[in-house]
Every structure is written in structure tokens, then in C-alpha cells.
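Okay, structure first, notes after.
First the proteins, then the strands, lettered A, B, ... as listed; each starts at 1.
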There are 2 protein chains.
Amino acid sequence: MKENATRERIVQAADKLFYERGYEATSFADIADAVTLSRGNFYHHFKTKDAILLAVIALRKANTAAMLDHWAGAAHEPAERIRSFIRILIVNRAQIRLYGCPVGTLCGELAKLGHPAQAEASGLFTLFRDWLRREFVRLGRESDADALAMHVLARSQGIATLASAFHDDRFIDQETAGLSAWLDGLVASQPSPSTHS
Amino acid sequence: MKENATRERIVQAADKLFYERGYEATSFADIADAVTLSRGNFYHHFKTKDAILLAVIALRKANTAAMLDHWAGAAHEPAERIRSFIRILIVNRAQIRLYGCPVGTLCGELAKLGHPAQAEASGLFTLFRDWLRREFVRLGRESDADALAMHVLARSQGIATLASAFHDDRFIDQETAGLSAWLDGLVASQPSPSTHS
DNA sequence: GTCTATACCTGGATAGAC
DNA sequence: GTCTATCCAGGTATAGAC
């Protein structure tokens, strides 16, 4: 049990550091320091750095799935659920301003490294994509639900990238408002959205 | 003169490597190998890695300015010029699919590293932003020209990020079409666009 | 202006005592 | 399960011969 607790502390510290500094720029020593653990002991829990990365991605997937479930529980209407997604940009604006989107920046870094965990990381996007697609289907957009989901994902990624590049979080409010308005227009144009879950 | 030629070859090789592998992941040895130069000789041209980064950013700025001038020369109508910007996503789709946008990914990496050249790098975005803003002003959108410029930039960044994460360039065609349609709608809603340059 | 050689450091990873 | 000590590869940077 104690073993699991230490392992979890390592993964959480790595999650934070990978987000704030990037995967490659984070050393074993950095993570070990963050959880006040010796470098040697570290290898008792994780053999390689790649193993830590996979554990971090798994943690993020679990957290993401829980968040999506929470949103679905908090709102029944598909448009309101999609708005929950858009709102994460605002809720996390302080972090995004500094480090961008955790998913987008990780995927970008792994792509350049040619890292084998690329597919695992983009699976994080897939969680959001599939969830959004389902809500667009419920909105009555069966035919283009996936394209709409990707559109929302892309817009949010662009917002995060520019907010970080310009260190400007007022821009986040501006653009999320535009994205919300786009969604309103979409809903208004739908004659009779299906409301069954 | 020979000195300048070697220097330029170094900067061009670094430009390519920083894009494809990232700044931190690219070593002096990588760049030296690419231009078949000894490591020692390398320092005759650049004292530090940061100096190379600044030279690469300066090169990109010059190339960007030349490209923007070219677009302005090739089309007079503001909407057509803005479409030239949107088209780079399609023209460079093979690269974007693999490595994302050179500007967005560099800014993202430098932000996480807390690198002093962050402002220099985001200046690349500013070149596009100011150029687009001017074209939106010419379209008659003085009041929100900057917001529109940032909107176009954000959309294109999102497209690049997701195309890279999913290694999907069909998505680029899909989303750029949507962005072009948005621009068409904007132009159509303008009663009398100013056409003086 | 170009090379070789090398100093110095950091980071990933292992061995083995406690 | 935790620690210290250590190895080795690779990266930045310098010195100095040619």
C-alpha cells in the first residue's frame, strides 16, 4: 500500500513537471526532488523515463474521463455540456497563459521527438473528441458530428497556443465568447434537437 | 564572405532541425553534422546555443516578412491576401502533419523552458498578426481588426496542432475550408469594403 | 578559418549496503 | 523500500595546433 502511495506521488509530480517544463526538460532528479526521494530509490518504482510518461498519460486519461463524466452529470442538454468543455479554457486560464494546453503541448513535443508514446498521448484528444462527437449527435448533427467535435477541439487548441505565446489571458475570454456564440448559432439552426441520452 | 556563407548554412540547418526535432533536443553535434563542420569550428561562428536560436528567429522573421510582401504583391484585394495566409496550411500540410506549426511549437517550447528568447519568438506571430490586422482594416473592420486577426491566427494554430497530434492532413483541408467560408461570410456582410492600399 | 583534443557537467541508469 | 556511490553517454564549451 505504501508502495502505491509513493508511486502515485511520483506520477502526480511528474504530471505537473511535464506540463510546466516539458517532458524532455524534466529530469529524474527534478521529479525525485519534488517528492523528496533519492534518485536511486526512484528506480525501484520506475525503470525508465518512458515508463513514467506512460503512467502520466494514464493518470491524465483517468482524470479526463472523470471530468467528462462529471460534466455529463452536471448538465443534461448537449449544448450545455459542450459549453462545459469550452469553459475549461477560462477556468484554467492562468495555467494556459503560462504553459498552454497540457494535451496539445505534450503531443507536439512527442511528435518532434518521434516518441513511441505519441499514439497514447493523442488518445487524450480522442477522449474529448469522442465525447464531443456524442453530444453533437445528440444535438441532431449525426452527419457531421465528428467534424464539429474536431472543430471545437481545434478552436480551443488555437486559443491555448496564442494565449501562451502572447501571455495574454484576456484573449481567452474574447475567443471563448466567439466560440460560445458559434455554438449558440448552431443550436438555433437546429429545428428539433434530440434530448434522449 | 566565406565566413558569412558558412554562418548562413549553420543557421539554415539549425532552422530546419529546431523545427523538426525541437530546440532543446537539437545538439550542437546535430547541427555541425548537418553542415559537415567540426564541433570546435562551430564555436568560431556561434558562442552559445542561445545565439543560434536568436539567429534562427531572425532568419524566420526575414523569411516571413518576404512572404507577406509576396502575398501583398500577388493580390490586391484584402480577402484574397488573407486567403493566401490560410493557404499556407495546405501548402505545408505534409510538414505540419509531422511537426506542427514552426512558430506555435517554438513558442510553446520556449514558454515551458522559461527561455529569455520567448518575446523574440512570439514576435513571429506579431508579424502575421499586424499584417492580417491591416488587411481586415482594409476590409472595413477598423473596430475589430485585431480581434479578427487573432481569430484567424488562433484557428490556423488549432488546425496545425490537431493535424500534428492525429497525423491527419485531410483534416487540414476540412478545417481550412471552414475558415475560408467564415471569411467569405465576413466579406459578404461588409457593405462597401475599402479598396485603397 | 578549420581542425583535434579535451575539460566539465548533467542526465539516465545500475549496484549494492542498510 | 530507501539510501549512497558510481558508471556511462552525450552535451556545452574551451584551448590550441595547423
Parallel, tilted or perpendicular: rings of A/W182 and A/F136 (30°, 60°): perpendicular
Length of the line joining B/F42:CZ and D/dT12:P, which is rounded to integer Å: 9 Å
Interatomic distance where CD1 belongs to B/I10 and P belongs to C/dG1 [whole Å]: 11 Å
Least distance between heavy atoms, B/N41 atom then B/L37 atom: ND2-CD1, 3.6 Å
Pair A/Q118, B/H167: side-chain N/O donor-acceptor within cut-off below 3.5 Å: yes
Residues touching DNA chain C, which here means a heavy atom under 4.0 Å, drawn from residues 13-36 of chain A: A/T26, A/S27, A/F28
Scan nucleotides 4-8 of chain D against the protein and return all N/O pairs shorter than 3.5 Å with their distances rounded to 0.1 Å.
none

A/Y99 and A/Y19 aromatic ring geometry - parallel, tilted or perpendicular at 30°/60° bounds: perpendicular
Within residues 47-56 of chain A, residues whose heavy atoms come under 4.0 Å of DNA chain C: A/T48, A/K49
Rounded distance in Å - CG (A/L37) to P (D/dG1): 12 Å
Residue-phosphate contact under 4.0 Å: A/H45 side-chain N/O, D/dT2 OP1/OP2: yes
Distance test, side-chain N/O of B/H44 to OP1/OP2 of C/dT2, below 4.0 Å: no
Residue among A/I57, A/N63, A/V56 satisfying side chain to side chain contact (heavy atoms under 4.5 Å, CB included) with A/R60: A/V56
Over 12 non-hydrogen atoms of neighbours within 6.0 angstrom of NZ in A/K16: no
Length of the CZ-P vector between B/F46 and C/dG1, whole Å: 13 Å
Minimum heavy-atom distance between A/W71 and A/R81, given as atom pair plus value: O-CG, 4.1 Å
Salt bridge (charged side-chain N to carboxylate O under 4.0 Å, His left out) partners of B/R21, counting only residues at least two apart: B/D30
Row check, A/F171 ring normal vs A/R97 NZ/CZ: under 6.0 Å, within 45°: no
Partners passing salt bridge (charged side-chain N to carboxylate O under 4.0 Å, His left out) against B/D130 (at least two apart in sequence or in another chain): B/R133
Whole-Å distance separating the CZ atom of B/R9 from the C1' atom of C/dG1: 13 Å
Test ring pair (Phe, Tyr, Trp, His ring centres under 6.0 Å) applied to B/Y23 - qualifying residues, sequence neighbours left out: B/F18, B/H115
